[in-house]
Participant: 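A single structure is presented below for examination.
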Amino acid sequence: MLRSRLISVPKVIKRNISTNVPALQKAVDPIQQLFIEKLQQYKSKSVSGKLVDPSPDIIKERDSELEKLNNQYGGGPGVDMNQFPQFKFVDPPVDMGIKK
C-alpha cells in the first residue's frame, strides 16, 4: 500500500509541472505580439487617461453621456463626482418621559 502511494506521487508532480510549463514560456504567436505592440503604442500616445485621437463626434457623444450620468446620479455644476459623498447624520432628541 505504501509502495503504491510512492509510485503515484511522481505522476501527479509530472502532471502539475507539465501544465505550468506553457504558462511560463514566452508567447511567440505573431498575432499576440502585434496586439502587445499596439497596446504599448496606445499607452505611449495616451496622456493622463485622455482619449487618443478623438474626433469631434466622439467628444460630443462622450460629453452627452457624462451629462446624462450627472443628471441621473445627482451631479451638476460645481459637484465633483469623483469624490465620495459626505453624509451628515443628526441624532434626534430623545425624551424618555421620566419625571423627577
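Because the structure is a prediction, the values reported are computed rather than measured.
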Participant: Could you give the side-chain donor-acceptor pairs of residues 56-69 under 3.5 Å, partners two or more places apart or in another chain?
Facilitator:
| from | atom 1 | to | atom 2 | distance (Å) |
| --- | --- | --- | --- | --- |
| S64 | OG | E61 | O | 2.8 |
| E65 | OE2 | K68 | NZ | 3.4 |

Participant: Going by side chain to side chain contact (heavy atoms under 4.5 Å, CB included), name the residues that satisfy it together with D80, two or more places apart in sequence or in a different chain.
Facilitator: N82, Q83

Participant: Report the hydrophobic cluster partners of I31, with the cluster defined as I, L, V, M, F, W, Y residues connected by side-chain heavy atoms closer than 4.5 angstrom, directly or transitively.
Facilitator: none

Participant: Show which side-chain atoms of residues 35-44 pair as donor or acceptor with protein atoms under 3.5 Å away, not counting sequence neighbours.
Facilitator:
| from | atom 1 | to | atom 2 | distance (Å) |
| --- | --- | --- | --- | --- |
| S44 | OG | Q41 | O | 2.7 |

Participant: Under the side chain to side chain contact (heavy atoms under 4.5 Å, CB included) test, which residues partner F84, sequence neighbours left out?
Facilitator: F87

